[in-house]
Amino acid sequence: MTGIMGAAGLAVDMGTLRFTQRRMQTAADAAALSAAAELNYGDYLTAGQADAATNGFTNGSNSVTVAVNDPPTEGAYAGQANYVEVIVTDTVPTFFMKILGVSSEQVSARAVGHYNSSTNCVYALSSNASDAIQVNGSGSFSAGCGMVDDSTAGEALLMNGASGSINASAIQLVGGYTNHGGGGLSPTPTTGVPPIADPLAYVNAPPVGTCTYSSEQKYTGSASLTQGVYCGGISVKGSGTVTLAAGTYVINGGELNLGGTSTITGSDVMFYLTGGATLTVAGGTTLTLTAPTSGTYSGILFFQDRADSSAASFAGGNSMNLTGSLYFPSAAVEFKGNNSISAYTILVANTILFDGGSTFNNNYSSLSNGSPIKSASLAE
């Protein structure tokens, strides 16, 4: 009878331990993803432990421990940056096996999350704007990366022309979509996805400082510009060649107007628009700008004050080569220009209108840390 009871107890208790371990693995996986997602944004330890608690395993409660290690301490990714390890451990009491002197067993589960470049490059952040992403007429958008629309109001995505098209690696919509003209949509959008928070919220705005220039700077011919605080804005018109030296260009009030038939180039540059400053790229401008490849603003080309809802327009009729992130989190952005040869382009705005032919690439090899927008995935 003792032998029979021992065998029955072993079967029941082993089943209980395995069930607990499966629950624990779910908690570890979720915690690793949550912790990885916070590596560049905030407190990865708190995030990981909070997600484990949501799944039933609270660190410090009874005999539960939830260790969150950055970088991992073991396994294939031990010591590697952008990986975070979660180990959930608990001492689980037995039932029948107590007869054989075994009153508890320690159970653990481990997972590793990876913080890597996001597969998306277009984000419409508005949660309540109808037509948060809109394609007009024969407008087209093509990308090797994905598109995200957070809106739940009306038609989150609106196609307005029979010859318009969107071609992306994924189209993710919190709300629905309407294809009025029957234009091309590839792939078929996925609706009802969870909202995605501002993916560049972790980037701090640069200090403004005192005015380097106290009034609008106007250029109608060839010129060389240097970084500084341009109070009143910058206007480039005419047909000259304008070269921008590397650095941060703070546009404090006024307008950044890049127009005419000028040729404008700049490498390792970032524009910060504040004080109500607006942006217009117009006319037959040939525009070639590249964001910094390292440092605080690695991959950030345009950054508009988060409190500023002034609309921005990229309508370079000749050619635009914008390598970097166009970050207008509270503003409507109209994108009309040809942007086909940039290594990568990221657009984050409140709402987005495509009207013209636009191609966004996603080659982040020039950036030491990859895309400035990250996503979390399970590595182990």
Side-chain angles (χ1 to χ4, degrees), residues 18-61 63-90 106-123 125 144-148 150 169-170 172 174 190 192-204 294 296 298-299 325 344 346 348 362 364-365 367-380:
R18 286 174 178 169
F19 175 70
T20 301
Q21 203 277 336
R22 285 197 297 270
R23 290 179 53 239
M24 192 177 289
Q25 188 63 59
T26 298
D29 289 348
L33 284 171
S34 182
E38 288 297 314
L39 280 176
N40 207 33
Y41 293 86
D43 188 347
Y44 68 88
L45 173 62
T46 299
Q49 291 182 339
D51 221 297
T54 300
N55 284 276
F57 294 89
T58 302
N59 183 59
S61 176
S63 57
V64 174
T65 61
V66 180
V68 184
N69 303 316
D70 170 33
T73 58
E74 57 183 275
Y77 302 100
Q80 292 194 29
N82 295 326
Y83 290 86
V84 62
E85 171 188 63
V86 173
I87 302 172
V88 182
T89 306
D90 192 10
Q106 190 176 76
V107 180
S108 66
R110 175 180 175 276
V112 174
H114 183 207
Y115 183 63
N116 53 2
S117 294
S118 173
T119 57
N120 299 315
C121 61
V122 173
Y123 296 80
L125 301 180
C145 39
M147 173 182 286
V148 176
D150 277 349
S169 64
Q172 303 172 63
V174 176
T190 301
V193 303
I196 294 179
D198 180 352
L200 291 173
Y202 73 94
V203 181
N204 294 322
S294 61
T296 303
S298 176
S325 300
Y344 70 92
I346 295 168
V348 179
N362 60 336
Y364 305 112
S365 60
L367 303 178
S368 55
N369 292 318
S371 169
I373 295 179
K374 306 296 183 182
S375 62
S377 60
L378 280 177
E380 288 186 36

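- Without hydrogens or angle criteria, E380 side chain to A76 main chain gives a donor-acceptor distance under 3.5 Å.
- For A27, the side chain to side chain contact (heavy atoms under 4.5 Å, CB included) partners are N55, F57, not counting sequence neighbours.
- Taking every heavy atom of both residues into account, A111 and D29 meet most closely at CB-OD1, 3.3 Å.
- Counting only heavy atoms from C-beta outward, the side chains of V348 and P199 approach each other to under 4.5 Å.
- Residues Y364 and C121 share a closest heavy-atom pair of OH-CB, 4.2 Å.
- Between N362 and G144 the shortest heavy-atom distance is ND2-O, 3.2 Å.
- Taking 4.5 Å as the limit, some side-chain heavy atom of S118 sits within range of a side-chain heavy atom of Y123.
- Across all their heavy atoms, Q21 and S108 have their closest contact at NE2-O, 3.3 Å.
- Looking only at distances, a side-chain donor or acceptor of S325 sits under 3.5 Å from a matching main-chain atom of G299.
- The backbone N or O of V148 sits nowhere less than 3.5 Å from a side-chain atom of N120 that would complete a donor-acceptor pair.
- Judged as a side chain to side chain contact (heavy atoms under 4.5 Å, CB included), and not counting sequence neighbours, the contacts of Q80 are Y77, Y83.
- Listed by chain and residue number, E85 satisfy the side chain to side chain donor-acceptor pair (under 3.5 Å) test with N69 (two or more places apart in sequence, or in another chain).
- With sequence neighbours excluded, the residues that form a side chain to side chain donor-acceptor pair (under 3.5 Å) with S63 are D90.
- Scanning for side chain to side chain contact (heavy atoms under 4.5 Å, CB included) contacts around S298 gives L367, with sequence neighbours left out.
- At least one donor-acceptor pair closer than 3.5 Å links the side chain of R110 to the backbone N or O of E74.
- When all heavy atoms of L378 and L33 are compared, the closest pair comes out as N-CD2, 3.7 Å.
- With S169 contributing its side chain and G146 its backbone, the two residues share a donor-acceptor pair below 3.5 Å.
- The side chain to side chain contact (heavy atoms under 4.5 Å, CB included) check on P195 picks up D150, V174, with sequence neighbours excluded.
- Looking at residues two or more places apart in sequence or on another chain, you find no side chain to side chain donor-acceptor pair (under 3.5 Å) involving Q49.
- Residue S34 comes nearest to A47 through the heavy atom pair OG-O, 3.3 Å, listed as atom of the first residue, atom of the second, then distance.
- Using a 4.5 Å heavy-atom cutoff, the side chains of C145 and T119 are not in contact.
- Scored by the side chain to side chain donor-acceptor pair (under 3.5 Å) test, T54 finds no partners at all (sequence neighbours excluded).
- Here the side chain of D43 pairs a donor or acceptor atom with the backbone of L45 at under 3.5 angstrom.
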